[in-house]
Amino acid sequence: MGRDPWDQEIADGLKKGTDDAMRHKDEIWMAIKERIHSEQAQQPAESETSFAPRESKGRRRSGRRAAGWIAGTAAAAAIVLTVSFQTAPVQAFIDQVKEWFAPQKTVEQELEGMPETSVDQLHEGADYVIYMDESRFKMVHESGVDRIELKEKPTDDRYPEVFMEISQEGIDPKSAAEQLQKELQTYPKVEANLVDEPIQGWEVRAVGGTGGKEWDDPVIRYYVFDNGQGGSFVVKQQYFLEASEGFGARFHNMMKEFHITSNHNGETTKK
C-alpha cells in the first residue's frame, strides 16, 4: 500500500523543523550557559558557620555550581527555543533537553539477578554530563580526569580497586583505542571491538591475574568515542571479575546516561 501523501508531508515537516533546531544548537547552548552564569552571579553568597570544616565548604560550593547549572539548563533552552522556533519538532527537542538534564532520575536496573531502584543525581564534567548514584559513588575532579569512585571503600585489601575515570585525548577514537590495546598487551586476555551500546565507539577490555579463572582477577574496560572536537572521550572502568554483574553492570548503565554537552563542529550531541 502506498504511503499517504499527508503522512509524507508531516514527516518532512517534522524533519525540517528538527534540522532547523539542530543547526542552532551552538546558539542554544551558549544562551544556556550565559543564563546560568548570570543567575549564579545574582545569587547571594551562602552564609557558612565558623565551625564548618574546609572540606565540607568545598563540597557545598561544588554542589551549588552543579545545582545552578542544572536548574537553569532546561529553562534557558526552553526560552531560547520558544522565542526562535515556534514549531512542534522544537518543542519535542525542548522536552528532550529537559529529560537529558533533569536534576535526578529514578533508575531501575537488574544487578546480579535482582531488581534495584536508585535515584541518580546529575553531575557535570568538562563537555559532558552523567548521572550517578550518590549513595554508592562520589565524583572527584582531578587535573584533566574526572574519577567516579566508591563512597565507602572496603577495608579488606584483597579486593582490587573499583572506579571509573573520564578524560579526553586529542586523537581520533580508533587511534586512541589501538594505543590502549598496545598498553594492555601484558594482560593475559585483551580484546578490542566496535560497539553500539552503551555508547557508539570502541571498547577495549582486558582481564588480568589468571585471565578470568579467579574471582579477584582485575577487569579493565575502556570506552573510546568521538568528543566532537577532533579528539576522543576515554572512559576507563576498573573492577574485578566477581563484581562484573554488580559494579560492572552499574558502570555500564551509567554510560547509557552519558551526554556530550559541547561540540566545536557546530552540534551538541547525545552519546
Side-chain angles (χ1 to χ4, degrees), residues 66 100-101 105 107 109 111 118 120-134 136-151 153 160-185 187 189-208 217-241 243-265 267-271:
W100 290 354
F101 300 104
K105 285 188 177 182
V107 177
Q109 55 190 335
L111 301 167
S118 64
D120 293 2
Q121 306 297 320
L122 183 68
H123 281 260
E124 177 191 1
D127 304 327
Y128 75 91
V129 292
I130 193 169
Y131 284 87
M132 185 178 77
D133 180 0
E134 291 185 344
R136 295 180 180 274
F137 301 99
K138 63 180 180 179
M139 174 78 81
V140 179
H141 296 287
E142 300 176 346
S143 179
V145 178
D146 294 337
R147 182 182 175 96
I148 298 173
E149 57 185 39
L150 295 180
K151 199 170 184 177
K153 297 181 181 180
E161 198 171 10
V162 174
F163 62 86
M164 182 162 75
E165 291 182 339
I166 303 169
S167 61
Q168 297 189 59
E169 297 291 340
I171 57 177
D172 65 274
K174 185 174 185 293
S175 299
E178 290 173 347
Q179 182 175 307
L180 290 168
Q181 189 175 12
K182 290 178 181 177
E183 293 175 2
L184 295 170
Q185 286 306 310
Y187 283 71
K189 184 177 181 180
V190 183
E191 57 185 7
N193 297 289
L194 279 169
V195 294
D196 293 323
E197 200 267 341
I199 53 88
Q200 291 185 344
W202 289 86
E203 177 192 53
V204 182
R205 184 176 182 272
V207 181
D217 284 344
V219 177
I220 308 293
R221 172 179 271 118
Y222 284 96
Y223 288 112
V224 187
F225 49 98
D226 189 357
N227 68 358
Q229 302 177 37
S232 306
F233 270 104
V234 178
V235 178
K236 178 183 180 180
Q237 300 177 353
Q238 180 171 309
Y239 45 95
F240 50 97
L241 196 63
S244 295
E245 295 183 6
F247 291 122
R250 291 183 196 280
F251 288 156
H252 180 89
N253 291 333
M254 286 167 68
M255 285 304 299
K256 291 180 179 179
E257 294 295 342
F258 182 102
H259 306 295
I260 295 178
T261 57
S262 70
N263 183 326
H264 293 174
N265 291 334
E267 291 186 354
T268 300
T269 58
K270 172 181 178 289
K271 288 291 183 180

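The basis for the numbers below is simple: all heavy atoms, side chains too, and nothing from hydrogens, waters or symmetry mates. Being a predicted model, the structure only gives us computed values, none of them experimental.
Note that CD of Gln121 is 8.5 Å distant from CE of Met132, once rounded to the nearest 0.5 Å. Rounding to the nearest 0.5 Å gives a distance of 6.5 Å between OG1 of Thr261 and CD of Glu124. How far CE of Met254 is from NE2 of His123: 8.5 Å, rounded to the nearest 0.5 Å. The distance from atom CZ of Arg205 to atom CG of Asn193, rounded to the nearest 0.5 Å, is 10.5 Å.
Salt bridge status for Glu203 with Arg221: present, with a side-chain N to carboxylate O gap under 4.0 Å. Between Arg147 and Glu161 there is a salt bridge, since at least one side-chain N of the basic residue sits less than 4.0 Å from a carboxylate O of the acidic one.
When all heavy atoms of Val234 and Val224 are compared, the closest pair comes out as CG2-CG1, 4.3 Å. Between Ile171 and Ser175 the shortest heavy-atom distance is CD1-C, 4.0 Å. The shortest heavy-atom contact between Asp133 and Ser118 is OD2-CB, 3.7 Å. Nearest approach of Val190 to Leu184, heavy atoms of both residues: CG2-O, 3.0 Å. When all heavy atoms of Asp226 and Pro173 are compared, the pair lying nearest together is N-CG, 3.4 Å. Of all heavy-atom pairs spanning Ser232 and Asp172, the tightest one is OG-C, 3.0 Å.
Partner of Phe137 under the side chain to side chain contact (heavy atoms under 4.5 Å, CB included) criterion, chosen from Lys151, Glu149, Arg250: Arg250. Put simply, the residue from Met139, Lys236, Met255, Gln238 that forms a side chain to side chain contact (heavy atoms under 4.5 Å, CB included) with Met164 is Met255.
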Would Leu194 and Gln200 count as a side-chain contact (heavy atoms from CB on, under 4.5 Å) here? Give the steps.
CA-CA 8 Å; Leu194 279 169; Gln200 291 185 344; over 6 Å; no

Steps toward side chain to side chain donor-acceptor pair (under 3.5 Å) verdict (Gln237, His252):
CA-CA 9 Å; Gln237 300 177 353; His252 180 89; over 6 Å; no

Intermediate values then yes/no, ring-ring contact (aromatic ring centres under 6.0 Å, His included), Phe251 and Tyr223:
CA-CA 11 Å; Phe251 288 156; Tyr223 288 112; over 10 Å; no

Please report the C-alpha distance between Phe163 and Leu150 in whole Å, then the side-chain angles of each, then the deciding distance to 0.1 Å, and finally whether the side-chain contact (heavy atoms from CB on, under 4.5 Å) criterion is met.
CA-CA 7 Å; Phe163 62 86; Leu150 295 180; over 6 Å; no

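A search for side-chain hydrogen bond (donor to acceptor under 3.5 Å, both in side chains) contacts involving Glu183 returns nothing, not counting sequence neighbours. For Gln168, the side-chain hydrogen bond (donor to acceptor under 3.5 Å, both in side chains) criterion is met by Asp127, Asn227, not counting sequence neighbours. For Glu178, the salt bridge (charged side-chain N to carboxylate O under 4.0 Å, His left out) criterion is met by Lys174, not counting sequence neighbours.
For the pair Tyr128/Ile166, a side-chain contact is recorded, criterion being any heavy-atom separation below 4.5 Å from C-beta on. Tyr222 has its side chain out of reach of Val235: every pair of non-hydrogen atoms, C-beta onward, lies at least 4.5 Å apart.
The closest donor-acceptor contact from the side chain of Glu257 to the backbone of Asn253 lies at 3.5 Å or more, if one exists at all.
In this structure, Phe233 and Phe258 have perpendicular ring planes: the angle between them is above 60°, well past the 30° mark.
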